[in-house]
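Note that the structure is a prediction, hence the values are computed from the model and not measured. Order of the sequence lines sets the chain letters (A, B, ...), proteins ahead of strands, with each chain counted from 1.
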Amino acid sequence: MLVATWNINSIRMRIPRLQQWLESKRPDVVCLQETKVVDDDFPLEPLRALGYHCSYRGEKSYNGVAILSLAPPADLETRLPDDGANAPCRFIAGTFGGVRIINIYAPNGSEVGSDKYAFKLEWYKRLRRYLDDRGDPQGQVLVCGDFNVAPEDRDVWDPGKWSGQILCSAPERNAFRELLAWGLSDALRMLCPEGGLYTWWDYRGGAFHRGWGLRIDHVLLSSSLARRCLQVEIDREARKGEKPSDHAPVIATIDEP
DNA sequence: ATGGCTACTCCTAGTAGA
């Protein structure tokens with residue numbers, strides 16, 4: 001089973017790329033973030049034509065999440081239980097082949113100490129509470145998406161420059177560790193200890209080609225899935241060429257039970 | 001130190017991303 005996560009930065013801008021990529025990779029499940037489109041305008045047809053079921057919740061301009069899947073979803077959830085009526089679209093979950101797949105787009109946080117930063121930390125607490133209340137760490141649980149946290153210094157191209165900054169601050173890293181402590185493993189780190197593995201590069205200043213990146217998109221696995229995880233790949237090819245997203249997809253291969 | 005790209009929007013400037 002191939003499960004991918006990709007912050008697509010506008011699904012409508014990225015449809016040609018997404019189509020090509022789906023055709024070449026054929027993941028079973030694709031978790032997308034920052035679709036930036038209201039549900040009425042979601043580009044269903046080209047994705048259906050490739051055989052994908054689409055589950056999504058979006059809003060105008062910002063945020064928005066979707067799950068594309070070769071099999072239909074079961075038990076779809078499109079918000080955190082304690083999300084308010086106007087809460088940003090940052091959460092969607094479904095069950096695929098017995099695996100509970102939770103797709104998240106964590107808040108960016110803007111600047112350490114800002115209101116948005118406080119919202120980010122609170123959002124992480126609510127996600128952890130959701131797992132406590134609704135999840136089973138002994139079950140098959142996969143949490144993936146854009147976490148907007150680089151968990152350790154080896155996930156940062158210049159740890160000195162980023163020290164204490166947004167995406168790298170100690171409270172953010174603690175919030176991420178609190179998720180892991182529920183009973184999840186960082187799939188990529190389980191298999192690849194080396195530095196220099198990034199999933200996001202700034203559009204500015206030729207950051208991608210200079211290797212100025214951060215690893216902020218993750219696939220987290222409960223122990224029963226972690227034991228079956230064969231491979232995790234960051235698809236840097238998808239960050240190259242014309243009109244890329246600023247994020248690369250992460251693809252995990254899970255062996256059949 | 002300078003947010004130097006990109007995408008969005010009741011759009012040609014301001015906001016947000018990370």
Side-chain angles (χ1 to χ4, degrees), chain A residues 5-18 21 31-43 56-66 86-91 103-124 127 144-176 188 196-218 234 236 238-250:
Chain A
T5 179
W6 193 4
N7 181 319
I8 194 100
N9 186 15
S10 171
I11 194 169
R12 287 176 294 179
M13 285 299 297
R14 227 63 68 200
I15 270 290
R17 260 184 183 275
L18 179 58
W21 184 82
C31 295
L32 300 175
Q33 305 86 35
E34 286 207 89
T35 52
K36 296 188 176 178
V37 66
V38 295
D39 292 349
D40 285 346
D41 294 335
F42 190 89
Y56 46 87
R57 194 163 82 86
E59 61 190 80
K60 194 169 67 173
S61 301
Y62 306 117
N63 311 312
V65 284
N86 296 323
C89 300
R90 297 182 175 278
F91 176 98
N103 173 19
I104 63 116
Y105 173 46
N108 165 290
S110 188
E111 269 181 79
V112 173
S114 67
D115 290 350
K116 289 178 179 176
Y117 182 75
F119 177 77
K120 177 178 193 172
L121 297 178
E122 187 57 32
W123 190 91
Y124 261 92
L127 179 60
C144 70
D146 178 355
F147 288 75
N148 269 317
V149 173
E152 301 176 38
D153 280 353
R154 61 179 161 163
D155 301 312
V156 181
W157 66 277
D158 184 345
K161 184 187 176 84
W162 281 85
S163 175
Q165 299 299 304
I166 196 68
L167 315 182
C168 300
S169 73
E172 290 166 274
R173 286 176 167 179
N174 287 337
F176 182 81
L188 184 126
L197 302 174
Y198 309 132
T199 65
W200 170 84
W201 301 260
D202 200 302
Y203 281 124
R204 293 164 294 191
F208 179 69
H209 296 286
R210 293 173 197 246
W212 296 350
L214 302 179
R215 192 176 71 96
I216 57 176
D217 302 270
H218 309 296
I234 299 169
R236 298 178 73 262
R239 181 62 177 77
K240 299 177 180 175
E242 289 292 302
K243 290 244 171 233
S245 168
D246 45 354
H247 295 249
V250 182

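Nucleotides B/dC10 and B/dT15 have their P atoms positioned 14 Å apart, rounded to a whole Å. Nucleotides B/dT2 and B/dT12 have their P atoms positioned 28 Å apart, rounded to a whole Å. Of the P atoms belonging to B/dT6 and B/dA1, the separation is 27 Å, rounded to the nearest Å.
Test A/Thr199, A/Thr5, A/Asp217, A/Asn9 against A/His247 for side chain to side chain donor-acceptor pair (under 3.5 Å) and you get one pass: A/Asp217.
Comparing A/Asp202 and A/Ser110 along DNA chain B, the residue whose closest nucleotide (by nearest heavy atom) sits nearer the 5' end is A/Asp202. Taking the nucleotide of DNA chain B with the nearest heavy atom to each of A/Asn9 and A/Glu34, the more 5' of the two is matched to A/Asn9.
For A/Tyr62, the listed nucleotide lying nearest its side chain is B/dA16; candidates were B/dC8, B/dA16, B/dG17. For A/Arg204, the listed nucleotide lying nearest its side chain is B/dC5; candidates were B/dC5, B/dC8, B/dC10. Of the listed nucleotides (B/dA7, B/dT15, B/dT9), B/dT9 has the atom at the smallest distance from the side chain of A/Arg12.
A/Asn148 places a side-chain N or O within 3.5 Å of a backbone atom of A/Ala106 that can act as its donor or acceptor partner. Within the 3.5 Å criterion, the main-chain N or O of A/Leu197 finds no donor-acceptor partner in the side chain of A/Arg236.
The distance between atom CZ of A/Arg210 and atom P of B/dC5, rounded to the nearest whole Å, is 10 Å. Straight-line distance from the OH atom of A/Tyr203 to the C1' atom of B/dG17: 10 Å, rounded to whole Å. Atoms CG (A/Asp41) and P (B/dT9) sit 9 Å apart, rounded to a whole Å. Atom CZ of A/Arg14 is separated from atom C1' of B/dG17 by 13 Å (rounded to the nearest Å). Atom CG in A/Leu214 sits about 16 Å away from atom P in B/dG17, given to the nearest Å. Rounded to a whole Å, the NZ atom of A/Lys120 is 16 Å from the P atom of B/dA16. Rounded to a whole Å, the NZ atom of A/Lys36 is 11 Å from the C1' atom of B/dT9. Across the protein-nucleic acid pair, A/Glu59 atom CD and B/dT9 atom P stand 11 Å apart, rounded to whole Å.
Counted by atom type alone, A/Asn7 and A/Glu34 present one or more donor-acceptor pairs between their side chains at under 3.5 Å.
Within 4.0 Å of A/Phe208, counting heavy atoms only, lies no atom of the nucleic acid at all. No contact: A/Asp217 has no heavy atom under 4.0 Å from any strand. Nucleic acid contact for A/Ile166: none, since no nucleic acid atom lies under 4.0 Å from a heavy atom of the residue.
DNA chain B lies under 4.0 Å from at least one heavy atom of each of the following residues of residues 238-248 of chain A: A/Lys243, A/His247.
Salt bridge annotation for A/Lys60-A/Asp41: absent, with no cationic side-chain nitrogen under 4.0 angstrom from a carboxylate oxygen.
Residues A/Tyr117 and A/Pro171 have side chains in contact (heavy-atom distance under 4.5 Å, counting atoms from C-beta outward).
A/Trp201 and A/Phe208 have perpendicular rings, their planes meeting at more than 60° on a 0 to 90° scale where under 30° would count as parallel. Ring-plane geometry between A/Trp21 and A/Trp6 is classed as tilted, the angle between the planes lying from 30 to 60 degrees on a 0 to 90 degree scale.
Considering only side-chain N and O atoms, A/Ser10 lies under 4.0 angstrom from the phosphate OP1 or OP2 of B/dC8.
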